[in-house]
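Since the model is a prediction, treat every value here as computed from it, not as a measurement.
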Amino acid sequence: MLKIPINYYKDFRYRISKTKHNSDSYTLSLFLKIWVSDRLLKLSPISASLPWMPYSTILKLNYIIKKDFNILETGSGGSSLFFLQRCNNLTSVEHDNKWLKELEKNISLTSFKERWTIVLKQLNEKSKNESPYLDFLRKQQDESFDLISVDGRLRSESLKISSNKVKKGGYLLLDNSNREAYAEGINFIDRLGWSRKELTGFCYGYEWDSQSTIWQKV
């Protein structure tokens with residue numbers, strides 16, 4: 001019989017209780033996968049095929065994503081695998097060539113090549129009007145994505161642009177939404193009158209809490 005050390009047992013009880021309290025989309029099977037991957041096996045988000053986000057955010061995404069979803073994400077990693085295992089098509093925008101090469105080492109791209117578009121775009125943070133990264137977002141068809149996850153760079157600007165790219169009834173997610181640096185983008189989306197939910201609690205891979213915000217377009 002497998003014996004779990006008492007400190008892990010206490011950690012499990014504490015995290016399951018707090019996650020249930022913070023989540024309206026809790027499922028035991030996914031919580032167990034998150035907790036075992038995070039706390040017992042110490043897997044990276046890529047190895048675990050999980051987003052580097054709060055537990056409650058992962059549970060919410062699992063609840064809302066449907067098999068026919070067309071998803072766009074800024075930033076890539078464990079979230080890419082998580083989305084690909086659940087959606088129809090995924091487009092990922094990445095600015096870091098070194099990270100992209102590392103990602104390609106860890107992920108068999110051939111398994112998803114028909115459903116995954118991943119592009120490398122320079123940021124040009126000094127001139128947002130001349131940013132290839134933001135221009136890629138601008139060129140996407142309006143109201144063409146069921147979910148857009150903003151978890152890369154230039155997040156406030158990405159939020160503003162993405163508001164036109166989400167379908168009615170679709171979702172816009174911002175990770176680390178507790179950071180003051182993203183207030184401009186958050187306020188812009190809030191003024192649109194979409195429904196909003198804060199997702200808080202333990203963050204995968206960290207000992208402390210984090211926060212995401214998800215809006216649904218009306």
Under 3.5 Å, is there a donor-acceptor pair between the side chain of Ser23 and the main chain of Ser56? no
Keeping the roles fixed (side chain from Thr74, backbone from Gly152), state whether a donor-acceptor pair exists under 3.5 Å. yes
Distance check, rounded to the nearest 0.5 Å: Ile16 atom CD1 versus Leu28 atom CG? 5.5 Å
Rounded to the nearest 0.5 Å, how far does CH2 of Trp52 lie from SG of Cys203? 8.0 Å
Looking only at atom types and distance, does a side-chain atom of Ser37 sit under 3.5 Å from a main-chain N or O of Lys33, one as donor and one as acceptor? yes
To the nearest 0.5 angstrom, please state how far the CG atom of Leu90 sits from the CD1 atom of Ile118. 8.0 Å
Side-chain ion pair, Arg15 and Asp11, N-O less than 4.0 Å: yes
With a 4.0 Å cut-off on N to O distance, would you call Arg155 and Asp175 a salt bridge? no
Among side-chain atoms of Ser212 and Thr57, is any donor-acceptor pair under 3.5 angstrom? yes
Decide whether Asn62 and Arg86 meet the rule of one side-chain donor and one side-chain acceptor closer than 3.5 Å. yes
Between atom OG1 of Thr213 and atom CG of Asn178, what is the distance when rounded to the nearest 0.5 Å? 8.0 Å
So Ser210 and Asn176, do their side chains get closer than 4.5 Å, heavy atoms only? yes
In Å, rounded to the nearest 0.5 Å, how long is the span from CD1 of Ile214 to CD of Gln216? 8.0 Å
Say whether Ser131 and Gln122, considering side chains only, have a donor N or O and an acceptor N or O under 3.5 Å apart. no
Does the salt bridge (charged side-chain N to carboxylate O under 4.0 Å, His left out) test come out yes or no for Lys66 and Asp146, once each step is laid out? CA-CA 9 Å; Lys66 304 295 186 291; Asp146 300 282; over 6 Å; no
Expected output: side-chain Ser162 to main-chain Ser158 donor-acceptor under 3.5 Å: yes
Glu207 vs Arg39, test: salt bridge (charged side-chain N to carboxylate O under 4.0 Å, His left out). Steps then yes/no. CA-CA 10 Å; Glu207 295 293 336; Arg39 308 300 289 175; 3.2 Å; yes
Gly77 backbone acceptor or donor facing Ser80 side chain under 3.5 Å: yes
So which atom in Lys60 and which in Ser25 form the shortest heavy-atom distance, rounded to 0.1 Å? CD-OG, 3.4 Å
Test side chain to side chain contact (heavy atoms under 4.5 Å, CB included) on Leu199 and Lys197; report intermediate values, then the result. CA-CA 6 Å; Leu199 303 163; Lys197 184 170 182 60; 4.2 Å; yes
Asp24 side chain to Tyr63 side chain, donor-acceptor N/O pair below 3.5 angstrom: no
Pair Leu147-Leu61, side chain to side chain contact (heavy atoms under 4.5 Å, CB included): steps then yes or no: CA-CA 9 Å; Leu147 167 67; Leu61 288 170; 3.9 Å; yes
Quick one: do Gln140 and Phe145 satisfy side chain to side chain contact (heavy atoms under 4.5 Å, CB included)? Show the steps, please. CA-CA 9 Å; Gln140 301 307 300; Phe145 293 99; 3.8 Å; yes
What is the ring orientation for His95 with Tyr133, classed by angle as parallel under 30°, tilted 30 to 60°, or perpendicular over 60°? perpendicular
Test item: Asn124 side-chain N/O and Glu130 main-chain N/O as donor-acceptor pair under 3.5 Å: yes
Working for side chain to side chain contact (heavy atoms under 4.5 Å, CB included), residues Ser163 and Ile189: CA-CA 7 Å; Ser163 64; Ile189 302 300; 3.8 Å; yes
Between Asp38 and Gly205, is there a donor-acceptor pair closer than 3.5 Å when you use the side chain of the first and the backbone of the second? yes
Determine, using the 4.5 Å side-chain heavy-atom cutoff (strictly less than), whether Leu120 and Val93 are members of one ILVMFWY cluster. no
If you round to the nearest 0.5 Å, how far is NZ of Lys217 from CH2 of Trp194? 5.0 Å
Name of the residue among Trp35, Trp208, Tyr14 meeting ring pair (Phe, Tyr, Trp, His ring centres under 6.0 Å) with Phe202: Tyr14
Could you tell me whether the side chains of Thr200 and Gln211 share a donor-acceptor contact shorter than 3.5 Å? no
By salt bridge (Lys or Arg N to Asp or Glu O under 4.0 Å), which residues pair with Arg196, not counting sequence neighbours? Asp190, Glu198
Identify whether Leu174 and Val166 are in the same connected component of the hydrophobic contact network (ILVMFWY, side-chain heavy atoms under 4.5 Å). yes
What do you reckon, is NZ of Lys42 surrounded by more than 12 foreign heavy atoms closer than 6.0 Å? yes
Using the test salt bridge (Lys or Arg N to Asp or Glu O under 4.0 Å), find all partners of Lys160 that sit at least two apart in sequence or belong to another chain. Glu157, Glu184
Tell me whether Asp209 is salt-bridged to Lys18, with the criterion being a basic N under 4.0 Å from an acidic carboxylate O. yes
Would you say Leu81 ends up clustered with Leu59 if hydrophobic residues are merged whenever their side chains have heavy atoms under 4.5 Å apart, either directly or through other cluster members? yes
Within a strict 4.5 Å, meaning less than it, do heavy atoms of the Phe188 and Leu159 side chains meet? no
Are Leu72 and Tyr171 co-members of a hydrophobic cluster defined by side-chain heavy atoms under 4.5 Å apart? no
Taking Ser144 for its side chain and Gln141 for its backbone only, find out whether a donor-acceptor pair lies under 3.5 Å. yes
Is it the case that the side chain of Trp116 and the backbone of Thr91 share a donor-acceptor pair, with hydrogens and angles ignored and the cut-off at 3.5 Å? no
Side chain Arg115, main chain Leu84, donor-acceptor under 3.5 Å: yes
Kindly work out whether a path of hydrophobic side-chain contacts (I/L/V/M/F/W/Y, heavy atoms less than 4.5 Å apart) joins Phe82 to Phe31. yes
Looking only at heavy atoms, the pair that brings Asp151 and Met53 closest together is OD2-CE, 3.7 Å
